[in-house]
Number of protein chains: 2
Amino acid sequence: MPVEQRAAGVQSVQRALDLLEVVEAAGGGCSISAMAAATGLPLPTIHRLVQTLTTRGYLRRLPDRRYCLGSRLVPLGAGANALLGERAAPILRELADGLGESANLAVLAGERAEYVAQAPGLHSMRTFTEVGRRVPLHCTGVGKALLSTLGDDEARSILKRSTLSTHTATTIVEVDALLDELAGIRARGYALDEGEMEVGVRCVAMPVSVPGMSPMALSVSGPAVRMSDDLTGRAAPALSRACAALATILT
Amino acid sequence: MPVEQRAAGVQSVQRALDLLEVVEAAGGGCSISAMAAATGLPLPTIHRLVQTLTTRGYLRRLPDRRYCLGSRLVPLGAGANALLGERAAPILRELADGLGESANLAVLAGERAEYVAQAPGLHSMRTFTEVGRRVPLHCTGVGKALLSTLGDDEARSILKRSTLSTHTATTIVEVDALLDELAGIRARGYALDEGEMEVGVRCVAMPVSVPGMSPMALSVSGPAVRMSDDLTGRAAPALSRACAALATILT
DNA sequence: CTGCCGGCTTCCACCATACGGAAAAAGAAA
DNA sequence: TTTCTTTTTCCGTATGGTGGAAGCCGGCAG
């Protein structure tokens with residue numbers, strides 16, 4: 001009785017990648033049995049795969065026998081990052097040109113958001129974010145947009161282990177208030193940052209969700225004096241279109 | 001007749017990782033047959049593995065049927081990056097405290113060097129490099145140190161596809177001169193940046209080579225007025241020790 | 001110190017799964 | 001068009017991966 005296996009892929013590779021992603025999701029570190037719980041695979045199988053990934057530097061074994069992401073992933077990620085930024089550049093450029101304000105693309109990096117691409121706005125006074133910069137999730141547009149793509153429980157666990165630092169009077173530092181905010185974002189389709197990180201900076205951000213791919217977020221930000229409600233209103237559909245374009249490029 | 005196979009690892013996973021690394025090394029993109037040439041694997045095998053990696057987002061299929069690193073690697077790399085920075089922090093801190101100048105750790109990211117960790121120096125006037133920043137290879141201490149870990153042919157191919165921009169009067173922009181410089185670095189064990197990127201900034205950098213792991217580089221940099229020959233002399237052994245410590249932490 | 005216990009690691013026989021030669025298909029070049 | 005190259009599909013084989021069971025180790029309680 002031949003087994004149904006139109007799973008399109010090499011089983012052991014799929015499983016190895018699953019493990020990488022489980023460890024990534026765990027953040028700090030993940031024991032073998034936690035991986036078993038997350039994937040449903042038997043322990044010896046996981047052990048063997050993890051060993052392979054570890055000797056190659058894709059995972060790292062901690063003294064307490066848990067595992068975290070290994071440093072061999074750093075240059076790979078950096079390379080992928082550069083390519084992605086390259087491909088995304090024209091889309092960001094168009095967005096920034098259309099609205100006149102800086103456009104940014106960010107991914108989730110542990111418990112921070114990392115900017116991977118950027119197109120500066122047209123005015124001489126503008127927000128400027130360096131590619132590679134990491135910012136907190138709770139007080140930025142892209143951060144909140146990224147969180148909104150996760151489930152409440154997962155968002156809560158990430159917020160738990162990050163410091164909800166106060167930056168301005170509008171910074172939201174209560175976990176429950178943040179979860180409410182995330183619900184609002186999901187309903188509305190985009191996030192707003194009302195000077196929560198830096199006074200006078202307003203930002204509209206939208207999650208870029210591509211099924212089976214890790215979350216990203218796109219944002220447009222500028223000085224509050226120019227980021228009128230009218231502009232943010234126009235930003236939403238522009239962001240939508242850019243998200244769709246990105247989704248195509250990422251597939 | 002049981003086959004000798006103490007290869008310590010799951011074959012298909014090993015091969016999949018090999019392919020990722022081949023594609024990474026290729027930079028822009030890599031065809032299936034190029035991968036076959038690089039790995040010695042038969043075409044159908046590569047095709048199957050590549051397909052698995054592609055459907056998972058670890059590779060990306062270009063319109064011309066070549067493959068490049070996929071965006072699923074971005075968040076993984078970012079996560080690994082954050083963890084690495086965390087672990088390296090105390091070592092950099094000690095180095096910076098000992099010499100008084102800023103200490104930096106960088107990895108090779110395509111044809112740039114990316115800073116992954118940093119500890120500021122003790123003086124108020126100091127060099128400051130943001131984590132995540134990417135700098136050219138030909139005119140920085142860490143860049144040259146990273147290049148020196150590669151073979152001449154590989155270094156030449158990377159230099160070929162990057163722009164050897166002139167920043168100051170001392171910037172080396174000739175490929176052959178750079179290769180000479182690399183030979184000197186290998187002999188001496190460390191690289192010097194004599195204001196090649198920015199006037200008045202001097203930098204001592206050393207490659208951190210851990211066998212079977214991608215290259216990294218450690219550097220100490222500061223204003224030339226304080227970075228005397230005496231200080232750079234003391235920096236070399238301090239860097240050596242820090243490299244050893246890093247190697248331990250990375251293993 | 002000793003004995004217990006839960007999670008990690010090793011072993012090994014089975015067979016599902018990945019392998020790769022061969023041939024077909026899809027492009028690229030002529 | 002034809003011809004050549006590169007990619008993709010097919011499928012029988014046996015290699016390599018699997019996972020139950022047993023051993024090991026280190027942590028904890030007594």
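The structure presented is a predicted model; accordingly, all values stated were derived computationally and were not measured. Note on naming: letters A, B, ... go to the chains in the order of the sequence lines (proteins, then strands), and numbering restarts at 1 for each one.
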Review point. Reckon A:Arg48 has a side-chain N or O less than 4.0 Å from the OP1 or OP2 of D:dT18?
Key: yes
Exercise for review: Report yes if at least one side-chain N or O of B:Gln11 is closer than 4.0 Å to OP1 or OP2 of C:dC19; otherwise report no.
Suggested key: yes
Check your understanding: Roughly, in whole Å, what's the span from CG in B:Leu41 to P in C:dG21?
Key -> 11 Å
Exercise for review: Examine the side chains of B:Asp18 and B:Thr39 and answer whether a donor and an acceptor come within less than 3.5 Å of each other.
Suggested key: no
Review point. Reckon B:Arg15 has a side-chain N or O less than 4.0 Å from the OP1 or OP2 of C:dG20?
Key: yes
Review point. Under 4.0 angstrom, heavy atoms only, what part of the nucleic acid is A:Thr45 near: base, sugar-phosphate, or nothing?
Key: base
Review point. OP1, OP2 of C:dT17 versus side-chain N and O of A:Ser12: anything below 4.0 Å?
Key: no
Check your understanding: In terms of side-chain geometry, is the basic nitrogen of A:Arg72 or B:Glu24 positioned less than 4.0 Å from the acidic oxygen of its partner?
Key -> yes
Point to revise | Atom-to-atom span, CG of A:Leu19 to P of C:dC8 - whole angstrom | key: 13 Å
Check your understanding: Roughly how many Å is it from CE in A:Met35 to C1' in C:dT9, rounded to a whole number?
Key -> 14 Å
Review point. Nearest 0.5 Å, what's the CG-OH distance between B:Leu20 and B:Tyr67?
Key: 13.0 Å
Practice item. Examine the side chains of A:Ser33 and A:Ser31 and answer whether a donor and an acceptor come within less than 3.5 Å of each other. Key: yes
Less than 3.5 Å apart, which donor and acceptor atoms pair up between the side chains of residues 87-97 of chain B and the rest of the protein, not counting sequence neighbours?
residue : atom : partner  : partner atom : Å
B:Arg93 : NE   : B:Asp97  : OD1          : 3.3
B:Arg93 : NH2  : B:Asp97  : OD1          : 2.7
B:Arg93 : NH2  : B:Pro120 : O            : 3.1

**Study point:** Under 4.0 Å protein heavy-atom contacts per nucleotide of nucleotides 7-14 of chain D, with B for base, S for backbone only and - for none
**Key:** BSB-----
Review point. Is the shortest distance from a Lys or Arg side-chain nitrogen in A:Asp176 or A:Arg156 to a carboxylate oxygen in the other one below 4.0 Å?
Key: yes
